[in-house]
Each structure stands twice: as C-alpha cells, then as structure tokens.
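Since the structure comes first, as structure tokens, the remarks are kept for the end.
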Amino acid sequence: MSETVAPSPSSPEVHYDVHAVEEKWLPVWEELDPFRARDEVVRSGEREKRYALTMFPYPSGDLHMGHAEVFAIHDVISRYWRLRGHEVLNPMGWDSFGLPAENAAIRNDEHPATYTYANIETQYASMKRYGVSFDWSRRLHTSDPEYYRWTQWLFLKFREQGLAYRKNSPVNWCPNDQTVLANEQVLADGTCERCGAEVTKRELTQWYFKTTQYAQELLDCLDDLQPTWIDKVVNAQRNWIGRSEGAHVSFAVEGHEPLTVFTTRPDTLWGATFMVVAADAKLATELVSEEQRAALEEYQTDVRKASDIDRLATDRPKTGVFLGVHATNPVSGEQVPVWASDYVLADYGTGAIMAVPAHDQRDLDFARAMDLPVRRVVDTGEENPEESGVATTGNGAYVNSGPLDGLSDKVEGIRHVIALLEADNQGSGTVNFRLRDWLLSRQRYWGAPIPIIHCPVDGEVPVPEDQLPVELPELRGADLKPKGSSPLGAAREWVEVSCPTCGGPAERDTDTMDTFVDSSWYFFRYLSSHDATQAFDPELAKAWGPIDLYIGGDEHAVLHLLYARFFTKVLRDLGLIDWDEPFSSYLSQGKVINNGRKMSKSLGNGVNLGEKLEEFGVDAIRLTLVFASPPEDNIDWADVSPAGAARFLQRAWRLSGDVTSAAGTDPSGGDVALRKVTHKTVNEAAQLLDSYRFNVVVARTMELVNATRKAIDSGAGPADPAVREAAEVVAILLSMVAPYTAEEMWERLGHQPSVAQASWPTVEPALLVDEAVTAVVQIQGKVRGRLEVSPDISEADLEAAALADPAVIKALEGREVRKVVVRAPKLVNIVV
RNA sequence: GCCCCGGUAGCCCAACGGCAGAGGCGAUGCUCUCAAACAGCAUUCAGUGUGAGUUCGAAUCUCACCCGGGGCACCA
C-alpha cells in the first residue's frame, strides 16, 4: 500500500487506490484482448501496418529498471500507433539460450532449462502487470526446439550459399568461459565482454559466417539509415566495418611466391625501404631463410608470451627480426629487406606491409629501432622525418618518385600509381575492411547444436532437413562443466550417428551456435511463431516488414544490430523477403543510473523495480521514466520524482470525477479558450510522438491538466462541454503512458472500456488559429514593445502599427530609421 | 591519434534563425490541520561552456578551442 497516495478516508473523491485499480483492469484487458495483431487486416489493406519491436530480454532473474524504461517508451509508441488507427504488431519473447543458465545449472546440479524457464515465467508475470500492450499470442523462446529447429535450418541455408564455412585460424579464447569468442565480443581492452577475463588466442577449426561478403552493402545502407537511426550507432557501425581504400602491391621474392601487401598510400611506393610481415602469420615461417629460422622462432615465442593487453599499448618500443630475404620493389626494382614484427597484424589486409618510414609513424619508429634507411618521397615543407623522427602524412611535392615527380596531390598520385601497377600486372586498386567474418562456434551446451555430421568418408554432411531439429542431449549439473571442448562431446550416444550419405559411422558436430545467431532472426519468427512448416511466412514478411521502430540498448550498437542486418540481407538474397534493411528506424534508450553511477550490487546503489512498483504503482513508474528525459539520454534515479508523477496522475484522475456533463455531449458550444488549449495539445502531441519526443508529450499533457483544472475551478465550470472534451483528451493521452489511470478516467467519464480501443482525437483546424497574436517590436534586435494584432495582418500594416507605437516612438527619438524588417504577424525589427 | 554526439536556472529538461522558459524536481512562504502527512496556492533562480564569424536578429548556422559521453585504434 502506498504511503504517498493512500486514499484519504475523509475525502474518498480525492484519491484512487493505485493497486486496486491495477487489480481491477488486468482481467478486463485479458478479456478484451485489444492488442492482438491481425494478419488479415494488414493483408487486406484495411489498416496500415506498424511493426514495433523492442529487444527481447535474456531471462536472468526478474525485470529491472532498465527493462521498465524501455518497455515504457516502447509502449507509448505502439499505443500511439494503435490510437492512430494502425494495425500494430507488438510481439515479445525471450532470448533464452546462453551462459548464465548453464553456469546456474552447474552450480545447482540441474538442467539449464530449469533456471531459464522459471525466470521466463517470472518476467512474463512482471511484464503483464507492467501493462505493456504486447501481443502475447506470438510469444517465443529461442531455446525451444520449435524455434532452434529453424535456426539450424537457416544455418544450412547459409551453408548452401557458401556463407557458412569452417576454417582453422587463431581465435579469441576466453579462459574463464572456456569458449571461443567473436571479435565483437572482445572489448577494446582485450577482455571478454561477458565475464571480463583476459582473452587469449588459440588455433582452432571453427565455423564462420561470411559477413565480409556483405561489408560494402552493410556500409552503404548506413547512409539511408542515418536520418532515422541514432547517430552514434551509425557511427559505431561505420567504424566497426572500417572501410579503407588503397591498393594491393606485389613484391617479387626470390624462390617464393610474390609478397603482396595492402597499402592506403601506394603513391609512397618509392619510399618503401623495407617490408614487414606479421610475426605470427604463416607467411613469416614460409619466407624465412634457413640462417634466420632460429631467430624468428625465438622472436615468435617472445611475441606469444606478450598478452593482447601488452600489444594494445601503441607506444611500446618496436621489436622484430630480419627474415634473411629481400623483395623487389615493382616500380624501382630496388631490393629491400623483409622483416617480421608484431606491429603488423596477421588478420588484416594480407598480413604484410611495405614500410615507408618517412610517411608512416609506425614504420619510422621501426626503422629507427632497427637502423633501417628512411627516404622522403613527399616534401610537405615540414622537417625531414629522417631528422625529426616525425613521419609526414600530408600533401606535398613528390621527390625521388620517378613518374610522380612534379605532382603534388595525394589523390592524383595514388591514382597514377595504381594505373601504373595495373598496367604491369603488379598490383591493383582495392578496398579493405576492418570487419572480419563472424565466428559462430561455441564450446558450450546451452545453445543451438550445429546441424552437421562429420563423416570420415563424406566429410561435412548437413543433417537432412526432415531430421531437424537436432535436439540437445539431456545433460545437467557437472556434465556441463567447462573443459575446453564442448560438453556435447561427452554425450557419446548423441554424438555417434550414422552418416546420412553413406550410412557409415560418423559423429555430430559438438559445438553450439553463438546466441547472437538466435537473435539475428527472431523478428522474422514473430510473424509465424507457431508455424511448424517454415521459419516464417514470406507473405507475412511482405505484409508486416520491415520493422518501423526498433528500440534497444546501445550496448548492441555493433553486435546484434550488425548481425541482424547481415541476416536480413542474406534472407533477401535467399528470396525469402523483399526488403534490404530490417529496422526502418532505431532508437537506443539510455541507461537508468543512480547518483551518477551505474547501478550495481558492489556499489550498493541498486534501485529495485518491484519495490518501486509497490510503492508508487505501475503508472507512476512508467510516467517517471518516460518524462525524465529524451528517451536516448540516461536517467539518473536521483534526479527523478516518482512521487511527483503519482501526484500528477491523481490530479489528472480527479478531472474525470469533476466533469458533470454527460458522455457524448457536443463540445462545439464549449469554452473556446479551453478548447483551443485542448486542440493545440492534441496537434502538438502528434508531432512530438512522430519524432519520439515522449518527455515533451508528457509536459504538454501536464499543461492541459493544469488548464482544465483552472477552467473547472475558476473558469467555465465543471458542466462546460469543453471541460469534458479536455478530460477525455487527457485520458487518451495518458493511456499511452499510464494505462491504468487512463482506463479509470475513461470509465468515470462514462465510456465503455477500453480506452486502448479509443481513437486519436480529431483536431479542429479552426481552433488552432488565434484571433490575436502578440507581435514583438525590436530595435536593433532588442525587444522594445509588443502589439496585439490579427494573425493575418499585412506586413505594411504591421510596420505602420509598430512605428506608431508610443514606446517605439520614444525609443526612436533622435535616431534615424535605416531599415525595417517585418515578419508578419510575429515580429518587427527596426534598424537605426 | 581519427570519427560521432552533447554542454540552457540548484537539478532533470523545453524553446520553426525572431519575446530565453513549456513542464517537472528542489527550495522558500502561505492556505488547510490541534499538529503533521496529503493536498492546494504563490514565489524563487540562468542569458544558453569559451572566443570569433555570418545575419536586421544566433541557444539555434559556420569555424576554433575547453569540458563531458561514445565508437575505432600499431587496421598499414
């Protein structure tokens, strides 16, 4: 029971009991079921579709303040669209595969499903009480065999297209979780994004999705998304994809294949005084001379000892070893030594570079450390890098550069050299991406098994589609302990199968898929949650897609959002959908923090959602979170006032009890001043909602409540039809944020439930126009007077009126008017 | 180092290039009360991070810098 809003026994009409109201309306909504999305209504074109989506949660414990915020924001937009007469698809489900359940299972000696599905039920009950307008008939869980059957099916489709493949390479390994990680799951400081352990490297054969095949398109489409996506997410994705233009250049090496490098500065080719290959790349081992082999191996041992964290320090001294071979510069014929170093990365470009110390700081540092020559080929007018130790990267006159001498523009120089190389077949212009292929194998249990059988005769054999899903074997407790290889390997009776092709003995793949695979396509499954014959119905995808608004946390700015975009493009190329991007607009909600800090157990500053709901009620918490700030900003719990929100809701509710006119009363004869406020509020609210400025909508609603209160107490009076009209608009506006209070108001105003089935109020344009507006008269841009004028006054009349205003005349005394700027009907600026 | 976003009252936040303040929180005073809580009424506080520029006019556009947040980073 709330202390702040408890019903006062002496004045029962002043308060309502928030919890009693919650109990009252939940079963009514259950009965009316107003939120079910109707496929047929959209397919027939009867109503325009809207697909509202919020990132589905991982079922760890109960909902917290962050969920409360995102659901509150999400519900405003989906309820708004419904009021506007759209057919709204608003589904919810659970991203229910993943490590926490597995770790809990080991701890408690149980099956991961126990933890998972118990938490799902807890969260489900909380979401219901929270009053979010989800269409529960489409509910899904990614850990259900009916779901992961189609995850596996998609994997096989990807593989058929050559987009899923296996390769052996050094991969990120989390020693704590005992599994490999995608690049995206390793933080910038070299630690695991899940558990914080320092990530190491391992050489393993793993499954990959060929995300790089779509790198250019993933980048290009960002231009179209820019206006409707939040800037920082677009920026993060651009950086992550990391396109750079340059050239491949081949250097001949005696007794070997030519050494090809990627460079963004082919125009500095004449300044290449040595080559460097990545010390940990196969290339280094292949190239090294017999005399230098021992030295290289010693160096490689040293490099392996250095952790990723050491390697990330960009200012540490350069190290390396000479490989005992030389390469031939394709344009000058010059012989340059080939070195190995750990400052060159094995998995970017070709794993080898041409070093131009005069014009690249890293190469210069290396040249100085190893006493290698520095040759300036671009004279930028700055000090010679050989003396200064500072590489120059700007434009300048080319020197010592053969055909480039005489040029002085970088773009032109690069174009010239590429043409030269292409003519001689010694290189070509190319584009390189920072984005790598997506490593999807995981050596853990609680995920979708990779539907491949390894046969000694037939190699990798896909599990036939009619045998999907490949269900997880029953493992629990200690069976799941991380041991460096997949726990599935221990389930021998599950692993050992006969080959679908030859019938001979074979083994299942024992890895499971990264859970990001599950969440890359769930928004398609919502269209056909219960379809046992296909992943989703392409006709429904056509009808409902793409998603009109996606809301989520920006911790997924690169991971999930990029993967989901990749999946969408592949599904398009498979012919299953006909659009290119899954999310027409994207909004990332801020975090809920407390006292300037992230809420955490260790800081002891957590705010418990359940307690706050108990104390203030669902509506007040929703209102608090929507009103606190623009949706993308962080909310500091210390700055908000749920008690203030509760107070406002009570004040709004009281309006509905004060109205004395009958439901259905024609408002046209009502108080014009109040009617204008009402209609302007509706008009502006629509614009604000269309641009997701929910906090301002709440402020406008508060203004309308204040104006209505004033009209009742000291204006038109409670019987005026305008008061009823205003109170009804308040109920409808509030229904998006505070559905319980709004429902209660709607009923007290004499309407049938539910207010969720009401329509957006019609704005009368005549009421948006004022009879008189205040025109401001400025002198030199400073306000010197005000005039009440008609809104359609002519510029000439307004100018005359302004110059005739006594205050203006006084202010202008003794000064010469040089110019008058008139912006009817709002402003006159007199320049003297 | 490169790339994005932001900086408005004590606080959270509004403001088509045109009156800096819509709303809320807080504080203060008053009303109600035996008193308090609740509620109601009223008052309070900035010239928009800094410096230039464009303009009749800049919180708003441009540039530079400062501060804060985020992304990328030995990526050639």
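Chain identifiers are assigned alphabetically (A, B, ...) following the order of the sequence lines, protein sequences preceding nucleic acid strands; residue numbering begins at 1 within each chain.
For A:Asn239, the side-chain atoms get nearest to B:C72 when compared with the rest of B:C72, B:C74, B:C56.
Every residue meeting the side chain to side chain donor-acceptor pair (under 3.5 Å) condition with A:Asp797, not counting sequence neighbours, appears here in chain and number order: A:Ser794. A:Thr380 pairs by the side chain to side chain donor-acceptor pair (under 3.5 Å) definition with A:Glu382, not counting sequence neighbours. In this structure A:Trp339 satisfies the ring pair (Phe, Tyr, Trp, His ring centres under 6.0 Å) test together with A:Phe322, A:Phe366, sequence neighbours excluded. Residues forming a salt bridge (charged side-chain N to carboxylate O under 4.0 Å, His left out) with A:Glu788 (at least two apart in sequence, or on another chain): none. In this view, A:Lys676 and A:Val672, A:Leu767, A:Asp770, A:Glu771 satisfy the side chain to side chain contact (heavy atoms under 4.5 Å, CB included) rule, not counting sequence neighbours.
Nucleotide B:C74 holds its C1' atom 7 Å from the CG atom of A:Leu345, rounded to whole Å. The CG-P distance, from A:Asp347 to B:A73, rounds to 11 Å in whole Å. Between A:Asn683 atom CG and B:C16 atom C1' there is a gap of 14 Å when expressed in whole angstrom units.
Proximity of A:Ser341 to the phosphate of B:C74: no side-chain N or O atom is located under 4.0 Å from OP1 or OP2. Contact annotation: A:Tyr348 side-chain N/O to B:A76 OP1/OP2 distance is under 4.0 Å.
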The contact string for nucleotides 49-54 of chain B, one letter per nucleotide 5' to 3', using protein heavy atoms under 4.0 Å with B, S and - for base, sugar-phosphate only and none, comes out as ------
Considering only nitrogen or oxygen atoms on both sides, find all protein atoms under 3.5 Å from nucleotides 23-32 of chain B and state each distance.
from  : atom 1 : to       : atom 2 : distance (Å)
B:C25 : OP1    : A:Arg647 : NH1    : 3.0

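Here salt bridge (charged side-chain N to carboxylate O under 4.0 Å, His left out) pairs that include residues 258-269 of chain A, with residues two or more places apart or in two chains, are A:Arg265-A:Asp267.
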For residues 815-832 of chain A, tabulate all N or O donor-acceptor pairs below 3.5 Å that involve a side-chain atom, not counting sequence neighbours.
from     : atom 1 : to       : atom 2 : distance (Å)
A:Arg815 : NH2    : A:Ala811 : O      : 3.4
A:Asn829 : OD1    : A:Gly781 : N      : 3.0

